[in-house]
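As structure tokens, the structure follows; a few thoughts come after it.
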Amino acid sequence: MARRALKLASWTGVALTASGFYLYSNKYLDPNDFGAVRVGRAVATTAVISYDYLTSLRSVPYGSEEYLQLRSKVHLRSARRLCELCCANRGTFIKIHDLFVSFDDTPLGAASLAQVHKAVLHDGRTVAVKVQHPKVQAQSSKDILLMEVLVLAVKQLFPEFEFMWLVDEAKKNLPLELDFLNEGRNSEKVAQMLKHFDFLKVPRIYWDLSTKRVLLMEFVDGGQVNDRDYMEKNKIDVNEISRHLGKMYSEMIFVNGFVHCDPHPGNVLVRKCPGTGKVEIVLLDHGLYQVLTDEFRLDYCHLWQSLIWTDMKRVKKYSQRLGAGDLYPLFACMLTARSWDSVNRGIGQAPVTATEDAEIRNNAANYLPEISQLLNHVPRQMLLIFKTNDLLRGIEAALGTRASASSFLNMSRCCIRALAMHKKKNASSFFRRTQISFRETFNLWQINLHELILRVKGLRLASWVLALLCWLLPTPC
């Protein structure tokens, strides 16, 4: 214990020295950057994590089942604290010039990097103005440095603590999110990529009024995708919204390999189009995208096809190709949010039960060290895919719509198309491309037939239930 305390003290000293050197070398000294507000927050977080480990595990026999469960819970709390370290909201400051007729001071939404205001230009256009918080650029690199030192400090104290990938992802993604021009380019790319979906609305960017720190875009109103009251009031079918989301993200992941990775409810709105009355999904905040390599994307296609059609040999093969190793059962469970028993029986065969939900939650806590190990070994592309999957499942849970057999079939369609496109691209002859196209058409026809059979079965079941009710009820139906 004394040795660990000595390590903690030495790493805390390194954190203080490194942070002070960084501030000095940048010639930018700010009381809010130095002292308790920034360095103190990192040191305090280190102390909280260490104290949590020492006090929680001190009275429990090492290696016992209770020890393993407590260790998993402490791991989870530590991961959350690390994520929160760089997510504290900053203050806001904006200068309003003669550009706007009106500018709402109260933001429509605020986050750790920016906030959005509604405004009206002199030509009458209503716009959404996304403004980066002041000093975010300067402070972000300091946050990452402190976070890295903190992770290394905890790693020295507890070697099994494997969250270095958090720092690596922050280093890669934060500079991209801070460049609003990059966000604008992502917005236009995904709009063009998914233009065949008439239910998708991506706000138009006003490039002549945008910079790296200020983004002006078309103002589009709507309710958050998890707001069931809004949907009921506007007569929007939650099942239709869930299906549309599934189609949209399947296309992004499997076909295009360009994935919007922040679909939390504030970034996904729903509405009825004022002109046509059709239901639309409005996709906002395009700062964080994951670009999938062809190799990763095709392996991921094969994996999901194997999961959907319950081909367990191929599930193992493609899970291991994606870095899961011997933890491939855990990997499959994390991807599908189903138990290993359900994965073996077929994820489209039966809906999720309350018992299975409870089992998944308990296993997530018990296997957190293994989950941490898995996240440390899978390709970095997979990390944001996991995040995206979890956010989409959160939306499904809020809407009361869980992935159905129909949604899995839509995923399979995208996988078939993606694999056929790749094969045709590498085919050496017209005859071979024709063969691939025929096979693709046949496979898609098989899926359509399977879906039709499921619908007929559903209608037959409904008619049987209705007949039973008519027989049981005393009044004629």
Side-chain angles (χ1 to χ4, degrees), residues 165 168-169 172-173 175-177 179 182-197 199-200 202 244-264 267-268 281 283-308 314-315 317-324 331-332 334-336 375 377-393 403 407-427 433 436-437 440 443-444 447:
W165 55 268
D168 296 335
E169 286 300 294
K172 182 183 74 174
N173 294 321
L176 296 175
E177 290 191 83
D179 184 355
N182 177 67
E183 179 177 340
R185 289 190 291 270
N186 288 342
S187 171
E188 291 193 340
K189 182 174 179 178
V190 79
Q192 177 64 24
M193 191 175 74
L194 303 180
K195 64 181 180 181
H196 55 287
F197 288 146
F199 59 80
L200 176 62
V202 179
H244 286 341
L245 274 175
K247 287 180 182 179
M248 189 170 75
Y249 271 88
S250 292
E251 192 85 8
M252 285 189 212
I253 294 170
F254 299 117
V255 179
N256 296 286
F258 186 69
V259 190
H260 180 281
C261 288
D262 203 10
H264 71 73
N267 291 339
V268 185
I281 293 177
L283 194 60
L284 306 174
D285 197 346
H286 301 269
L288 186 58
Y289 270 77
Q290 180 64 275
V291 180
L292 308 180
T293 64
D294 284 345
E295 181 184 6
F296 176 93
R297 180 173 59 86
L298 296 172
D299 283 343
Y300 196 59
C301 283
H302 281 298
L303 174 57
W304 265 105
Q305 275 202 305
S306 305
L307 288 165
I308 291 167
R314 287 165 65 87
V315 167
K317 173 184 174 181
Y318 287 104
S319 295
Q320 291 181 335
R321 284 181 63 126
L322 289 168
F331 185 62
M334 289 170 64
L335 278 178
T336 59
L375 294 177
H377 287 92
V378 295
R380 289 291 168 259
Q381 299 164 84
M382 183 59 72
L383 299 176
L384 287 180
I385 295 293
F386 274 132
K387 174 191 174 186
T388 304
N389 287 347
D390 286 343
L391 288 170
L392 290 173
R393 289 191 189 106
S407 66
F408 288 130
L409 292 177
N410 281 328
M411 291 174 66
S412 192
R413 285 188 182 97
C414 286
C415 292
I416 288 169
R417 287 171 45 221
L419 293 169
M421 285 169 56
H422 177 72
K423 290 176 183 177
K424 283 186 280 188
K425 182 180 177 182
N426 294 292
R433 285 192 291 272
I436 295 167
S437 295
E440 176 189 4
N443 287 337
L444 291 173
I447 290 178

Quick one: does [X]'s side chain have a donor or acceptor within less than 3.5 Å of a partner on [Y]'s backbone?
| X | Y | value |
| --- | --- | --- |
| Glu183 | Glu177 | no |
| Arg297 | Phe254 | yes |
| Asp285 | Asn267 | no |
| Asn426 | His422 | yes |

Geometric class of the [Y]/[X] ring pair [parallel <30°, tilted 30-60°, perpendicular >60°]:
| X | Y | result |
| --- | --- | --- |
| Trp304 | Tyr300 | perpendicular |
| Phe199 | His244 | parallel |
| Tyr289 | Phe258 | parallel |

#### Entry: Distance-only donor-acceptor check, side chains Asp299 and His302, under 3.5 Å
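Checked: Asp299/His302 side chains show no N/O donor-acceptor pair below 3.5 Å.
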### Query
With respect to Lys247, which candidate in Ile281, Leu194, Leu200, Asn410 satisfies the side-chain contact (heavy atoms from CB on, under 4.5 Å) definition?
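Checked Ile281, Leu194, Leu200, Asn410 against Lys247; only one passes side-chain contact (heavy atoms from CB on, under 4.5 Å): Asn410.
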Inter-residue atom distance [X].[atom1] - [Y].[atom2], 0.5 Å rounding:
| X | Y | atom1 | atom2 | value |
| --- | --- | --- | --- | --- |
| Leu307 | Leu303 | CG | CG | 4.5 Å |
| Leu444 | Cys414 | CG | SG | 9.5 Å |
| Asn182 | Leu176 | CG | CG | 5.5 Å |
| Leu284 | His260 | CG | NE2 | 7.5 Å |
| Asn443 | Ile416 | CG | CD1 | 4.5 Å |
| Cys261 | Ile253 | SG | CD1 | 8.0 Å |

### Query
Is there side-chain contact between Gln305 and Tyr318, with at least one heavy-atom pair below 4.5 Å?
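No; the side chains remain at least 4.5 Å from each other.
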### Side-chain heavy atoms of Lys387 within contact of Leu384, under 4.5 Å
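Lys387 reaches Leu384 side chain to side chain.
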Please report the closest heavy-atom contact between [X] and [Y], naming both atoms and the distance.
| X | Y | result |
| --- | --- | --- |
| His286 | Val202 | NE2-CG1, 3.7 Å |
| Met252 | Met193 | CG-CE, 4.0 Å |
| Leu391 | Pro263 | CD1-CD, 3.4 Å |
| Ser412 | Ile447 | OG-CD1, 3.6 Å |
| Arg185 | Asp179 | NH2-OD2, 3.9 Å |
| Val291 | Gln381 | O-OE1, 3.7 Å |

#### Entry: Salt bridge flag under 4.0 Å for residues Glu440 and Lys423
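Judged by the 4.0 Å cut-off on N to carboxylate O distance, Glu440 and Lys423 do not form a salt bridge.
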### Query
Should Arg417 and Glu251 count as an ion pair when the cut-off is N to O under 4.0 Å?
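Salt bridge flag = yes for Glu251 with Arg417.
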### Query
Run the side-chain contact (heavy atoms from CB on, under 4.5 Å) check on Met334 and Leu375 step by step: do they pass?
CA-CA 11 Å; Met334 289 170 64; Leu375 294 177; 4.1 Å; yes
### Query
Is the number of heavy atoms from other residues, nucleotides or ligands within 6.0 Å of CD (Glu295) greater than 12?
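No, because the 6.0 Å sphere around CD of Glu295 holds 12 heavy atoms or fewer from other groups.
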### Task
Kindly indicate, with the supporting measurements, whether the criterion side-chain contact (heavy atoms from CB on, under 4.5 Å) is fulfilled by Met382 and Ile385.
CA-CA 5 Å; Met382 183 59 72; Ile385 295 293; 4.2 Å; yes
